[in-house]
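Below is one structure, written out as structure tokens, with a few remarks after it.
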Amino acid sequence: MFEELKKLAGNVSNRSMLDLFEDPARAAEFSLSACDMLFDYSKTQLDDTIRAALLKLAADRGVEARRDAMFSGAKINETEGRAVLHTALRNLSGAVVTVDGQDVMPEVLDTLARMEKLAAELRASDVTDVVNIGIGGSDLGPVMAYLALAPYADGPRCHFVSNVDGADIHDKLAQCDPAKTVFIIASKTFTTIETMTNARTARDWLAAHEQGTEGRFIALSSNLAGAAEWGIPAERVFGFEDWVGGRYSVWGPIGLSVMIAIGPEDFRAFLEGGQEMDAHFRTAPLAQNMPVLLALVGLWHNQGMGHATRAVLPYDNRLSRLPAYLQQLEMESNGKGVSMDGADLPYHSGPVVWGEPGTNGQHAFYQLIHQGTRVIPCEFLVAAQGHEADLAHHHQLLVANCLAQSEALLRGRSLDEARAKVAGKFDGDELERQARHRVFPGNRPSTTLIYPKLTPKMLGRIIALYEHRVFVEGVILGINSYDQWGVELGKELATALGPLVTGEASADGKDGSTAQLVGYVRAIAG
Ligand code: F6P
């Protein structure tokens with residue numbers, strides 16, 4: 001299916017991207033504005049022909065029809081027989097959204113109102129610490145948003161416990177006052193072993209400090225029976241339906257910790273941002289549709305040019321967990337080996353997504369991005385303005401660094417330029433040798449998403465933008481972006497290995513390596 005893209009890529013892979021800028025209109029023509037953001041993809045090999053081919057691919061693969069099906073409540077998560085309607089959680093207009101003929105909005109808005117009431121109560125109480133216990137989508141969304149929106153946080157402090165490693169909960173509880181701490185058990189299934197283990201440890205911690213559990217636990221889950229069984233009263237349980245995927249769930253009850261921290265009003269602004277992006281995605285023609293273009297540029301690099309990874313590089317220290325959040329969003333969604341009908345995928349699935357905030361990454365792994373032998377498409381994100389008005393010079397430096405990186409990737413440094421850099425310090429063969437180490441190949445692709453400021457509304461737009469990008473990529477790849485069977489085998493084997501690690505069962509019959517590792521642990525830890 002991607003033969004045409006590969007052919008186009010073969011034609012242009014050695015073309016100078018810098019030369020493309022001889023056309024003074026290039027930057028504007030290969031950029032897109034929507035929802036107060038500018039997406040600049042001009043520093044790529046895309047040209048009119050390639051863009052037209054990509055847009056044709058999106059049209060031929062039925063992106064628009066599939067998008068409309070998603071928003072209509074059709075069961076596009078076919079392997080689980082579920083609708084995909086996280087967008088309903090941010091549908092503040094309350095416009096009817098039906099699943100199986102039923103409007104889901106009254107329930108969604110009622111839950112939102114209940115969350116707002118509880119958040120307001122907790123913000124006005126003497127609670128100092130809120131501990132969100134959850135993992136995967138029940139952790140990454142809230143922690144990413146909590147850190148991103150720190151300038152808006154004026155409620156109790158939030159902590160996020162996810163890992164089953166006891167070090168995680170131990171270190172977080174050490175920061176909390178047992179008399180003034182509330183726990184949120186965030187788990188769609190209410191069965192995830194890490195979360196339920198940590199929740200029990202939290203309960204034991206309260207008991208060890210002679211604290212009762214009344215009013216101390218809140219549950220966020222689709223499994224209402226499980227939450228009730230755990231002893232959490234109904235008024236402290238916030239449910240959501242199976243049409244909200246874990247990695248898409250920050251907009252609803254799973255976002256409660258964020259709401260408690262920043263307040264219901266700012267949380268609504270976050271939802272509004274997401275809703276604005278939904279409206280754009282639903283109505284803009286493919287060629288002017290930001291999530292579509294973001295997806296197509298990604299597919300071009302992944303499928304056309306054959307680049308296996310992409311770096312997400314936010315020049316915003318508060319977006320430190322965005323790369324991890326996007327890792328789950330993109331890799332759990334589009335890391336599949338079969339197409340929707342179960343046939344082997346005849347091409348690669350989605351790319352490896354990774355990254356770190358700038359400028360830190362510059363002093364760590366950018367060396368490889370600039371001079372390594374593999375090409376890594378980079379996605380930069382940056383706000384024109386920071387929150388610290390008295391530190392505006394920091395922000396100017398931050399922005400300058402961000403822009404410098406994409407320029408350096410584009411421009412590179414030729415051997416002649418490198419020679420000029422070392423001339424005077426070396427001569428002869430040594431000058432040549434030293435110069436070669438200072439050459440930057442350049443001609444490396446990057447995109448930049450730039451926006452005025454990282455407000456709650458802007459964060460909502462950005463997250464919804466990436467969600468829809470993943471959707472479009474998934475549709476074009478022909479896979480189901482909404483299941484995650486690939487996480488199951490490890491979970492099953494971990495359960496089976498538990499008794500081997502404790503010594504209650506023998507490792508006989510395990511492969512030699514696993515048996516050896518179990519033996520090592522048993523010998524040391526007993
Ligand atoms: O194991 C993967 C996963 O199912 C994710 O998809 C999900 O976000 C995470 O585990 C946590 O699941 P739950 O919210 O049910 O505890």
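Atoms within each ligand, like the ligands themselves, are counted from 1 in listed order. Side chains are part of it too, since the values below use all heavy atoms of this structure and drop only hydrogens, waters and symmetry mates.
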With a 4.0 Å cut-off on N to O distance, would you call Lys188 and Asp242 a salt bridge? no
Does the Lys NZ or Arg CZ of Arg82 fall within the cation-pi geometry relative to Tyr482 - under 6.0 Å from the ring centre and within 45° of the axis? no
Can a donor-acceptor pair be found, under 3.5 Å and without considering hydrogens, that links the side chain of Arg114 to the backbone of Val237? yes
Between CD on residue Glu330 and OH on residue Tyr325, distance to nearest 0.5 Å: 10.0 Å
Heavy-atom contacts under 4.0 Å to ligand 1, chain-then-number order, include exactly Ile135, Gly136, Gly137, Ser138, Ser187, Lys188, Thr189, Thr192, Gly246, Gln328, Glu332, Gln484, Val487, Lys491
Donor-acceptor side-chain pairing of Thr79 and Asp483 below 3.5 angstrom: yes
Quick one: does Thr495's side chain have a donor or acceptor within less than 3.5 Å of a partner on Lys491's backbone? yes
